[in-house]
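What follows is one structure encoded as C-alpha cells, with my remarks underneath.
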Amino acid sequence: MTGPESEGSLVRRAVCPGSFDPITNGHLDIIARASRLYDEVYVAVMINKSKKGLFEIDERLDLIRTVVADYGNVRVEAFHGLLVDFCKQRDIPAIVKGLRAVSDFDYELQMAQMNNGLSGVETLFVPTNPTYSFLSSSLVKEVAQWGGDVAHLVPPAVLEALNKRLGRG
C-alpha cells in the first residue's frame, strides 16, 4: 500500500473537548494521557454564547496553551457547534473523555452513541486518576470564590489567573 494509508504514515488524532472554565489538574491528566497515546491531540474549547464563564474564551485558550506547552503534540482551539463537525474538519476519528464516576457514564454514553451515529467518530473513556475523581471546574470556581485553597487542584498559571480574576492577586 502506498500513499496516506501506508504503514507508518497514518497520523493518529484525538480530541479532548470541554469548556475548561478553568482547566484543572484533572483535565490536564486526561490530556497528558491522551498525548501519550495519540500523535496529535486537540483540546477543543467549547463556545457557548448563552453561558457566561468566569474566563473569556481567549483567556481559556491562553491558559490551556500555557499549561500544555511542554506537550509537543497538543493543539488548542475553540469551537462552536457540533463536536463531530470539529472532528470531521480535522480528520479526527476519536474523542477522549475522562470519567470521574458512574454518574458521568450515563450522560457520556448517550453523547458517545449520538456522535458515533452522526459521524462514525469513536469515543474512548479514560478513568480519571482517583486523585481527581471529585474535581470539576465548577467546584474549583466555587471554592476559590469563597476563599478556599485550590492550589493543589489547578496548574500554577491557572491559580494565578483565578486569584487575579477574583481580586486576590
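Here the closest heavy-atom approach between residue A32 and residue S35 is recorded as O-OG, 2.7 Å. Residues P22 and S137 share a closest heavy-atom pair of O-OG, 2.6 Å. Taking both residues in full, the closest heavy atoms of V67 and A157 are given as CG1-CB, 4.3 Å, listed atom of the first, atom of the second, then distance.
One finds the CG atom of L118 at 12.0 Å from the CD atom of Q113 (value rounded to the nearest 0.5 Å). Note that the OG1 atom of T128 and the NE2 atom of H27 stand 9.5 Å from one another [nearest 0.5 Å]. Distance check, rounded to the nearest 0.5 Å: CD1 of I64 to CD of E59 gives 11.5 Å. C87 SG to E122 CD: the interatomic distance, rounded to the nearest 0.5 Å, is 11.5 Å. Of the inter-residue distances, the one linking I57 atom CD1 with E77 atom CD reads 13.0 Å to the nearest 0.5 angstrom. Taking CZ of R36 as the reference point, atom OH of Y71 lies at 7.5 Å (rounded to 0.5 Å).
A salt bridge links E40 and R75; the closest N-O separation between the charged side-chain nitrogens and carboxylate oxygens is under 4.0 Å.
By the criterion of side-chain heavy atoms lying less than 4.5 angstrom apart, applied directly or through intervening Ile, Leu, Val, Met, Phe, Trp or Tyr residues, M114 is grouped together with L82 in one hydrophobic cluster. Hydrophobic clustering of Ile, Leu, Val, Met, Phe, Trp and Tyr side chains at less than 4.5 Å, counting indirect connections, unites L28 with V74. A continuous path of Ile, Leu, Val, Met, Phe, Trp and Tyr side chains, each step under 4.5 Å between heavy atoms, connects Y38 with V68, placing both in one hydrophobic cluster. Transitive grouping of hydrophobic side chains (ILVMFWY, heavy atoms separated by less than 4.5 Å) keeps M46 and F20 in distinct clusters. Connection of L83 to V45 is not established within any shared hydrophobic cluster, with ILVMFWY side chains joined at heavy-atom distances below 4.5 Å, either directly or through further cluster members.
Side chain of R165 to main chain of L54: a donor-acceptor pair is present (N/O by atom type, distance under 3.5 Å, no hydrogens or angles). A distance-only check finds no donor-acceptor pair linking the side chain of R168 to the backbone of K164 [under 3.5 Å]. At distances below 3.5 Å, not a single donor-acceptor pair connects side-chain atoms of R60 with backbone N or O atoms of I23. Counting only distance, with no hydrogens or angles, the side chain of D104 and the backbone of R100 share a donor-acceptor pair below 3.5 Å. With T24 contributing its side chain and V154 its backbone, the two residues share no donor-acceptor pair below 3.5 Å. R12 places a side-chain N or O within 3.5 Å of a backbone atom of L37 that can act as its donor or acceptor partner. The main-chain N or O of N25 is never found under 3.5 Å from a side-chain atom of D29 such that the two would form a donor-acceptor pair.
Under a cut-off of 6.0 angstrom, the local environment of CG in D106 is crowded, with over 12 non-hydrogen atoms contributed by other residues, nucleotides or ligands. Enclosure of atom CD in E142 is not indicated, since only 12 or fewer non-hydrogen atoms of other residues, nucleotides or ligands lie within 6.0 angstrom.
Annotation: side chain of I31 is not in contact with side chain of V96 (no heavy-atom distance under 4.5 Å). A heavy-atom distance below 4.5 Å is not found between the side chains of V76 and Y42. Side-chain atoms of I92 and F86, non-hydrogen and from C-beta on, do get closer than 4.5 Å to each other. Residues R13 and P93 form a side-chain contact, since some pair of their non-hydrogen atoms from C-beta on lies under 4.5 Å apart. Residues L99 and V126 are not in side-chain contact: their nearest non-hydrogen atoms beyond the backbone lie 4.5 Å or more apart. Between F134 and L139, some side-chain heavy-atom pair lies under the 4.5 Å cut-off.
Screening N116, V15, L124 against I95 for a side chain to side chain contact (heavy atoms under 4.5 Å, CB included) leaves a single residue, V15.
In this structure, F125 and F105 have perpendicular ring planes: the angle between them is above 60°, well past the 30° mark.
Counting only N and O atoms by type, the side chains of D21 and S19 include no donor and acceptor under 3.5 Å apart.
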